[in-house]
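What you are looking at is a predicted structure, and each value in this text was computed from that prediction instead of being measured. Letters go in sequence order (proteins before strands), and every chain restarts at 1.
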Number of protein chains: 2
Amino acid sequence: MKARVDITLKNGVLDPQGKAIQHALGALGFDGVNDVRQGKVIELQLAGDDRAAAEAALKEMCEKLLANTVIEDYRIKVL
Amino acid sequence: MKARVDITLKNGVLDPQGKAIQHALGALGFDGVNDVRQGKVIELQLAGDDRAAAEAALKEMCEKLLANTVIEDYRIKVL
């Protein structure tokens with residue numbers, strides 16, 4: 001079973017990587033880019049067929065390891 | 001207009017970050033994680049309402065700056 005976790009900085013948390021990308025896009029001549037935020041995407045290949053169990057396990061993985069929940073939000077999607 | 005770009009390593013390209021996550025999940029007791037790949041997600045806030053123009057601009061941004069097309073794939077989604 002494939003799953004996908006998106007990890008993004010919470011709103012209000014400063015995102016220097018995003019700002020750097022925004023600045024670089026401006027320097028390359030791309031106008032109209034008002035904001036850029038960068039996050040992570042983690043794709044997992046899980047054993048088993050139980051979607052509910054997979055979602056529960058993924059939530060625990062996010063809380064324990066994948067995301068820093070002080071400054072990051074996560075979204076889980078079992079594909 | 002919001003847009004989202006997913007950037008992932010091409011199949012076959014070694015992903016040490018993903019392997020590190022997989023190993024750490026195993027050490028934390030999460031069994032059945034057969035593979036992990038890590039990528040980036042970039043969320044952009046663009047001026048204007050022209051979806052086709054935005055998609056064309058995003059494609060150019062990916063080719064020129066956001067993705068390293070030798071080793072990375074990108075997926076564009078205008079939201």
Side-chain angles (χ1 to χ4, degrees), chain A residues 1-11 13 15 17-51 53-67 72-75 77-79, chain B residues 1-11 13 15 17-51 53-67 72-75 77-79:
Chain A
M1 197 169 16
K2 276 191 94 169
R4 171 195 164 107
V5 178
D6 288 330
I7 297 165
T8 50
L9 286 167
K10 284 184 200 284
N11 280 335
V13 177
D15 180 2
Q17 270 188 301
K19 286 284 168 235
I21 292 169
Q22 187 181 353
H23 186 79
L25 287 172
L28 283 173
F30 293 104
D31 299 323
V33 180
N34 294 333
D35 191 33
V36 179
R37 309 275 291 170
Q38 184 179 337
K40 286 180 285 189
V41 52
I42 298 174
E43 292 173 344
L44 301 101
Q45 185 74 49
L46 302 172
D49 284 327
D50 185 341
R51 291 177 72 89
E55 274 175 30
L58 287 163
K59 190 167 186 300
E60 208 184 330
M61 288 177 200
C62 285
E63 297 284 341
K64 281 198 182 163
L65 179 76
L66 302 180
E72 291 172 329
D73 287 324
Y74 60 86
R75 273 194 309 270
K77 199 168 179 185
V78 178
L79 304 175
Chain B
M1 197 169 17
K2 278 191 91 168
R4 171 195 165 107
V5 178
D6 288 329
I7 298 165
T8 49
L9 286 168
K10 283 184 200 283
N11 281 335
V13 176
D15 179 1
Q17 272 187 300
K19 286 283 169 236
I21 293 170
Q22 186 182 356
H23 186 80
L25 287 173
L28 284 172
F30 293 103
D31 299 322
V33 179
N34 294 333
D35 192 35
V36 179
R37 307 275 293 170
Q38 184 178 337
K40 287 181 285 189
V41 51
I42 298 174
E43 291 173 346
L44 301 101
Q45 186 72 48
L46 301 172
D49 283 326
D50 185 342
R51 292 176 71 90
E55 272 175 29
L58 286 164
K59 190 166 186 298
E60 208 184 331
M61 289 178 199
C62 285
E63 296 284 342
K64 282 197 181 165
L65 179 75
L66 302 179
E72 291 172 329
D73 287 324
Y74 60 86
R75 273 193 309 270
K77 199 169 179 184
V78 178
L79 305 174

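- Atom NZ of K59(B) has 12 or fewer heavy atoms from other residues, nucleotides or ligands within 6.0 Å.
- Environment of CD in Q17(A): sparse, with no more than 12 heavy atoms of neighbouring residues, nucleotides or ligands closer than 6.0 Å.
- Here the straight-line distance linking atom CG of D31(A) with atom CG of L46(B) works out to 11.5 Å at 0.5 Å rounding.
- L65(A) approaches A24(B) most closely through the heavy-atom pair CD2-CB, 3.8 Å.
- Using a 4.5 Å cut-off between heavy atoms, E60(A) touches chain B through backbone and side chain atoms alike.
- Counting heavy-atom neighbours within 6.0 Å of K10(B) NZ, excluding the residue itself, gives a total above 12.
- For N34(A), the parts sitting under 4.5 Å from any heavy atom of chain B are the backbone and the side chain alike.
- A distance of 15.0 Å separates NZ in K40(B) from CD1 in I7(A), rounded to the nearest 0.5 Å.
- Test V36(A), L28(A), V33(A), I21(A) against M61(B) for side chain to side chain contact (heavy atoms under 4.5 Å, CB included) and you get one pass: V33(A).
- Proximity of R4(A) to D6(B): side-chain heavy atoms (C-beta onward) are separated by under 4.5 Å at one or more points.
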